[in-house]
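Since the structure comes first, as C-alpha cells, the remarks are kept for the end.
Within every chain, numbering begins at 1; the chains are lettered A, B, ... in the order of the sequence lines, protein sequences first and strands thereafter.
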Amino acid sequence: MNKNKLTSQEENFSDWYNQVIQRAELADYAPVRGCMVVRPYGWAIWENIQSALDKRFKDTGHVNAAFPLFIPMSFLEKEKEHIEGFSPELAVVTIGGGEVLEEPLVVRPTSETIIGHMYAKWIKSYRDLPVLINQWANVVRWEMRTRLFLRTLEFYWQEGHTAHATAEEGQIETLKMLDVYTDFAVNVAAVPVIPGLKSQSEKFAGAVQSYTIEAMMGDTKALQSGTTHNLGQNFAKAFDIQYLDQNNELLYCWTTSWGLSTRFIGAVIMTHGDDQGLVLPPRLAPIQVVIVPIFRTDEEQSAVMETTKKVEQLLSGIRIKIDDRTEMTPGFKFNDWELRGVPLRIEIGPKDVEKNAVMISRRDIPGREGKSSISIDSLENRIPKILDEIHDNLLAKATKFRIDNTHDPKDYAELKGLINSGWAFSYWCGDANCEAKIKEDTKATIRCIPLDQGETNGKCIYCGNSAKEKAYFARAY
RNA sequence: CGGGGUGUAGCGCAGUUGGCAGCGCGCUGCGUUUGGGACGCAGAGGCCGGCGGUUCAAGUCCGCCCACCCCGACCA
C-alpha cells in the first residue's frame, strides 16, 4: 500500500524535494556534475512560465532578441564590480577548432556586457530610446554546490536589458518589471512573493540597486525567485552607451536588467508540494485535468469511453489528459497523478455514466473531502471555476503559511531563537556591519526590504540604533 | 576547497571468516484483474566505478585514482 511512499517533508525536506523531481519526471541528473536534464513534463511547466511572462513583457512594450553564448573575456572585465562578482564562477573557453584562442571566451553567466556592447553601437539619439529587449537563453555559472532547478551549472532564464534617457525612467522600468514578476508569481503560480529592495551586500554585481521577489518555501527557507536591477550608468559608462539629447548634448544612458529562471520551478515545487508529491498551480500545470476511466467489462468500457470523449469535448479549452492505460489499476493512477501534481482529477466509471455525472477529486484538498460528484451538464461551467478556486486556495494556503512563520522578535536573542524555523521581520539601521554580524551568528541574510513601508521608525534589531525601515531576515537557498 | 557518505541489473539495496552474482521494485510475454499503489506463471537483464597489488582464488583484503550525493564557505 505505501511501499512507494516519498520521504515526508518533515522527515527530510531536501530528500523529499529531490525525490519529487525525479519521480514526477521533471528533471534528471546529467552526466556532468551540477547539470540537469529538464524532462518533457518539467519543460512543459517552463513553457507555461515562458508564455505567461512573455505575454506580460510584450504587453509592457518589450521585444525579444538573441545574443551570443560566447563573450570576450575583456568585456566582463570592463565593469569592476561585475567581474569581481562573477569571476569565480566563469566557464572559459580557451581552445576553438584545435587552436588556442587569441582571447579567451566566457560562456555567458549573464549578458549585460555583450548587450551593453551592442547597445553602444545601436543607440545614437534620444529618438532611439528607450531600448526594451528581452532574451530567452541559457547561462552558465560554475557553482560549488548545486541542486536541481535551484542552482545548476547551466540554467535557463529570460534576461531583460533596457536602456533609458533618464535615471527616473530607469528606476520606473526596474520597478515596473518587479511588478510584472510579482503579478506573475501571485496570479499565475500562486506563489505569494514579497517584492522588495536588496541590501547593498546582496545586490547584483554591477547594479546600483537590486530588487527581488522573495518567497517562503515549505521548510520556511527563503528563495529569491526573480530579480530586477537598476544598473544606473555603471554599464553605460563601461561600454560607452551614449546618446545625443534634444539639446545636442552627449549623455550616458541609464540601463536596467531583470531575470527569472528555471529556479522558479523549484519555488513552485517547494511552495505547494506535499507528502503525496507535486501540487501544481492550475495556470502553470501542463495537465490541468486528468481523466481516469474505470471499467471491467467490454460494455462498460465502451459506455465509459463514450462519456470520457464527451467530457473531453465539453472541456476543450482546458489542458486535459485521458489516462487510458489498461495495464494499471485506477488506484495506481490516482497516486501517480497526485505525485505529478495534476490539480484536478475526473473519475468516470459505470456508476457515473448511469447518473450522467463524474467524480472529481481536487489535488489541493487531500482525501475524501476533495472528492465530489458533479453532473456532466454542469462540467463546462464548473471546471474552469474549480481550477480558479484551486488557484485561490493554493495562494491562500501559501500566504497563511508565510504569515504564520514570519515573526516580529522583540530583541536579537529572540531573533536568533526563531530564525531556524521562520523569518524575522525587524527594524534594520542600514549598517552593513549589523547585517554581516547577523549573518555570522545565524546564517540569516536580509532577504529584502519591502516596498511601501510608509513612515515608520524603530530600533535596529542588532545594534539598537534608530532605524527607518524593516527588513526580512531569513536563511535562504 | 574543507567535512561526511556512496559506487554491485533500469531504480533501491543485500552480499558472512576471500570460494557458482543475489533480493525487492521496475521491464518483456501470456492469462486473470481494474471505484485508492492487483495477481499467477514464464522470461530478459551484470567488465561488482577504474587501475594496480596480495592470493590457487577478490564484489569481499591493501594502495592509488575517478565519479556522484549530502553538509559547510559562494551564489539566481
Item checked: RNA chain B: 5'-proximal contact among A:Lys439 and A:Lys371 (nearest heavy atom) ->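 Nearer the 5' end of the strand: A:Lys371.
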Considering every strand shown, what is the Watson-Crick or G-U wobble mate of [N] when both distances are under 3.5 Å?
N: B:rA44; answer: none
N: B:rG72; answer: B:rC1
N: B:rA38; answer: B:rU32
N: B:rC61; answer: B:rG53
N: B:rA14; answer: none

Next item on the list: Report yes or no: is the cationic atom of A:Arg345 (NZ for Lys, CZ for Arg) under 6.0 Å from the centre of the six-membered ring of A:Phe334, at an angle within 45° of the ring normal?
Entry: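 The answer is yes, since A:Arg345 meets both limits relative to A:Phe334.
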Check: Is it the case that A:Lys321 places NZ or CZ above or below the six-membered ring of A:Tyr41, under 6.0 angstrom from the centre and within 45 degrees of the axis?
Finding: no
Checklist line | Positions of residues 270-307 of chain A (non-hydrogen atom under 4.0 Å from RNA chain B), listed by number | finding: A:Ile294, A:Phe295, A:Arg296
Next item on the list: Write down the distance separating the P atoms in B:rC51 and B:rC66, rounded off to the nearest Å.
Entry: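 Those two atoms are separated by 15 Å.
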Note to self: Could you tell me how far B:rG12 sits from B:rC68 if I compare only their P atoms? Round to whole Å.
What the structure shows: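 Taking atom P in both B:rC68 and B:rG12, they lie 16 Å apart.
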Next item on the list: Check every strand shown and say whether A:Gln224 touches a base, only sugar-phosphate, or nothing at a heavy-atom separation below 4.0 Å.
Entry: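 Touches sugar-phosphate only.
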Notebook entry, point to check: Hey, does A:Gly349 reach any base, or is it just sugar-phosphate, or nothing, if we go heavy atoms under 4.0 Å?
Noted result: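 Base contact.
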Look at [X] together with [Y] and state whether they make a salt bridge at an N to O cut-off of under 4.0 Å.
X: A:Lys80; Y: A:Glu84; value: yes
X: A:Asp441; Y: A:Lys437; value: no
X: A:Lys221; Y: A:Asp219; value: no

Notebook entry, point to check: CH2 of A:Trp142: more than 12 outside heavy atoms within 6.0 angstrom?
Noted result: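 Not more than 12 within 6.0 Å, no.
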Item checked: Distance-only polar pair, side chains of A:Thr110 and A:Arg108, donor-acceptor under 3.5 Å ->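 Distance-only check fails for A:Thr110 and A:Arg108.
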Short N/O separations, protein against nucleotides 67-71 of chain B, under 3.5 angstrom:
from, atom 1, to, atom 2, distance (Å)
B:rC68, OP1, A:Arg33, N, 2.9
B:rC70, OP1, A:Asn18, ND2, 3.3
B:rC71, OP2, A:Arg145, NH1, 2.7
B:rC71, OP2, A:Arg145, NH2, 2.4

Check: If the sugar-phosphate is the primed atoms plus P, OP1 and OP2 and the base is the rest, what is the B/S/- string for nucleotides 2-7 of chain B, using protein heavy atoms under 4.0 Å?
Finding: ------
Check: Does A:Thr329 place a side-chain N or O at less than 4.0 Å from the phosphate oxygens OP1/OP2 of B:rU34?
Finding: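 No, outside the criterion.
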